[in-house]
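None of these values were measured; they are calculated from a predicted model. What you see below is based on every heavy atom in this structure, not just the backbone, and it leaves out hydrogens, waters and symmetry mates.
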Amino acid sequence: MAITSGRPFGKARNDGAKMYAVSASPAFTALRPANTSTINHLPNFTHLRFSRRLCAGCHRSKGRHRLRKGGVRKGGSDGTDQQDFGGHPSTATAKVGYAVTKTKSSDGAVAIVATLDTKRAEASFVAEVIRSCGREIVFVDVGTSKDGAARSNDPAALLTVIGRNARASVNALHVDGRITAIVGIAGGKGSGVFGEAVADLPYGFPKLLVSSGRPALLADLAARSDIILYPTIVDLFGINGFTSRILRNAAVAIAAMRYEPQQPGSRRKIVAITAFGVTTPAVNHCVRLFSGHSIEAIVFPANGAGGRKMESLVDAGEFDAVLDLTTTELADEFLGGTATAGPERLTAAGRKGIPQLIAPGAVDMVNFGVPSSVPARFCDRKLYAHTPYTTLMRTTEDEIFEIGRVTAQKLAAAQGPSLVLWPSEGVSDYDREGGVFHDPAANRAWLAGLRSALPAFIQCQQLYCHINDPAFAEAAVGWIVHQVQNKETRDVDV
């Protein structure tokens, strides 16, 4: 997608900065100066259509659209000229455009994502603070036009279109090296659009969302991305003594952040590892062993959000191998626990064809919240208060058999080297002799379920030790090290 800066329009600011309109459309070539009465047709910028015919029902010529009266709004609340790109009053419109203010900075621009039809004052306030910190600004307007979009018969579909186009626009700005940080200013709907807009930005790219949205919505965004959340608590209705504090802090924070991509060839081999509190001793030992081989280990908590993020980063090509030591999220997915990572868990490494080692870490338990949150159907089960806010439930033989079978089915699609290690003496700190969840028969059911569906080309090896014993970590790390350092030889026994 080409992103082309147009000619400057409007009056120059006292500091010499000018506004530029930029189109997300690959068909866009140039923007006429503001004192002209027409602009080239801007598909996906002036308006977004649900049909493929962009100008259906419009009485204006298909190739050109007149600006609304006035064309350029002089002296916006941020001290700059703002262009009104108009729209079609007969249909829902969704402006997904952006404008760039040029200042002297070598740190790249900060993108501000906001619905400028409702959050213009807040966005302008943040822009001025960021600009005072020496950074350039890119406005990404995800607002709906005042002449019909807000009254759309299908607002969910409209927001989906806006989010999709905003995502493409933000991706293009990132690929072109135009932006190195992004901040969103939003309520509930805008927060969802911001989550979609930044979905493809790399891990570590500064993403800050200032939002008055529902806590549950923000929690969902936090579970899917490394967005930095700044809840406003008060609603965003202009600049006042409360909102100015939040917005100023957010602006200063994002102005100080800058994404610096890793230089090709500069990184060590990287392995992803899954962990839980009850498998921490094993993970700690694995990390130390990998370090001795100059391999970087990135640990993900197997709490649902961690598993989802690991899968997405594996898909993005961030890792050379996966040591999936803690697959407890599969138990939560099967039994409705709070730590589910969704149905895509345990699929990305196989899809990418990178080495993966699987172990049944913490499959002896399912996670719930406070004791009263445990579903009534489990009231007679073996429960344990891990913390005042986390209640664990022991899995049964039948349940753990099915979890093992599902694990094998997922591994069957693997396109790269895979190995399963089964620790015969226990799968978590609570599953050892004398432990609250110690149940060797149930653990053997996991192994039986796995073998019932595991294809012949994937090995399953039993180790006569506990998962947290050093011997288990040494065996697991030894196999991974061999795979990433000796790609020409894949089949090796532990």
Side-chain angles (χ1 to χ4, degrees), residues 271 273-290 297 299 301-302 322-332 334-335 337 339 346 356-367 381-384 386 390 392-408 411 418-454 458-482 492-494:
V271 173
I273 308 180
T274 50
F276 222 36
V278 292
T279 60
T280 293
V283 174
N284 280 337
H285 198 52
C286 288
V287 171
R288 287 193 294 269
L289 293 172
F290 278 128
V299 180
V322 173
L323 202 176
D324 213 339
L325 189 142
T326 311
T327 50
T328 185
E329 289 158 318
L330 299 181
D332 281 68
F334 180 56
L335 292 167
L346 197 59
Q356 60 177 336
L357 188 146
I358 310 301
V363 296
D364 57 327
M365 60 188 64
V366 179
N367 293 261
R381 298 286 295 275
K382 182 180 291 187
L383 304 175
Y384 181 73
H386 180 65
T390 302
L392 304 178
M393 180 182 75
R394 212 320 175 172
T395 46
T396 66
E397 288 188 39
D398 290 342
E399 291 164 350
I400 208 168
F401 178 93
E402 184 63 18
I403 294 166
R405 189 183 66 82
V406 170
T407 300
L411 290 177
S418 303
L419 176 68
V420 179
L421 288 186
W422 186 67
S424 65
E425 302 306 306
V427 298
S428 79
D429 251 356
Y430 293 155
D431 176 33
R432 58 171 73 247
E433 190 168 352
V436 64
F437 283 168
H438 187 52
D439 189 343
N443 291 350
R444 287 193 294 270
W446 182 91
L447 184 61
L450 179 94
R451 286 175 168 166
S452 72
L454 194 68
I458 296 179
Q459 286 188 333
C460 175
Q461 298 187 6
Q462 177 175 337
L463 297 182
Y464 295 93
C465 63
H466 190 274
I467 196 169
N468 286 329
D469 289 345
F472 189 88
E474 290 163 5
V477 169
W479 186 84
I480 292 285
V481 169
H482 180 89
V492 59
D493 288 337
V494 174

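Using a 4.5 Å cut-off on side-chain heavy atoms (C-beta onward), Arg394 and Val436 make no contact. Counting heavy atoms from C-beta on, the side chains of Glu329 and Phe276 never come closer than 4.5 Å. For the pair Phe437/Lys382, a side-chain contact is recorded, criterion being any heavy-atom separation below 4.5 Å from C-beta on. Using a 4.5 Å heavy-atom threshold, the side chains of Leu357 and Leu421 count as touching. At least one side-chain heavy atom of Trp446 sits less than 4.5 Å from a side-chain heavy atom of Thr407. Two residues are said to be in side-chain contact when any heavy atoms from C-beta on lie closer than 4.5 Å; Phe290 and Val481 meet this criterion. The shortest distance between side-chain heavy atoms of Leu447 and Pro360 does not fall below 4.5 Å. No side-chain heavy atom of Glu402 sits under 4.5 Å from any side-chain heavy atom of Asp398.
Of the inter-residue distances, the one linking Leu419 atom CG with His482 atom NE2 reads 11.5 Å to the nearest 0.5 angstrom. Note: Asp364 CG to Asp429 CG = 10.0 Å, rounded to the nearest 0.5 Å. Summarising the geometry, atom CD1 belonging to Ile400 is positioned 4.0 Å from atom OG1 belonging to Thr395; distances are rounded to the nearest 0.5 Å. Taking SG of Cys286 as the start and CG of Asn284 as the end, the distance is 9.0 Å to the nearest 0.5 Å. One finds the CD atom of Glu399 at 5.5 Å from the CE atom of Met393 (value rounded to the nearest 0.5 Å). Put simply, CG on Leu454 and CD1 on Ile358 are 10.5 Å apart, with the number rounded to the nearest 0.5 Å.
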Exercise for review: For the pair Asp431 and Met365, evaluate side chain to side chain contact (heavy atoms under 4.5 Å, CB included) and give the outcome as yes or no after the intermediate values.
Suggested key: CA-CA 10 Å; Asp431 176 33; Met365 60 188 64; over 6 Å; no
**Study point:** Stepwise side chain to side chain contact (heavy atoms under 4.5 Å, CB included) check, Trp422 with Asn443
**Key:** CA-CA 9 Å; Trp422 186 67; Asn443 291 350; 4.1 Å; yes
**Study point:** Residues Glu433, Glu425; criterion side chain to side chain contact (heavy atoms under 4.5 Å, CB included); working and verdict
**Key:** CA-CA 8 Å; Glu433 190 168 352; Glu425 302 306 306; over 6 Å; no
Practice item. Apply side chain to side chain contact (heavy atoms under 4.5 Å, CB included) to Asn367 and Leu392, showing your working. Key: CA-CA 5 Å; Asn367 293 261; Leu392 304 178; 3.3 Å; yes
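Not a single donor-acceptor pair under 3.5 Å links the side chain of Thr396 to the backbone N or O of Ala442. Side-chain atoms of Thr326 come within 3.5 Å of backbone atoms of Thr274 as a donor-acceptor pair (strictly under, hydrogens ignored).
Residue Val299 forms a side-chain contact (heavy atoms from CB on, under 4.5 Å) with just one option from Val287, Leu325, Leu323, and that option is Val287.
Taking all atoms of both residues into account, the shortest heavy-atom contact from Ala441 to Glu397 is CB-OE2, 3.6 Å. Between Ser418 and Ile458, the shortest heavy-atom contact is O-CG2, 3.9 Å. What you find for Ala339 and Ala302 is that their closest heavy atoms are CB-O, 4.2 Å. Nearest heavy-atom pair across Thr279 and Ala362 is CG2-N, 4.2 Å. Listed here is the closest heavy atom pair of Val477 and Leu289: CG1-CB, 3.8 Å. Residues Ser428 and Asn468 come closest through the heavy atom pair C-ND2, 4.3 Å.
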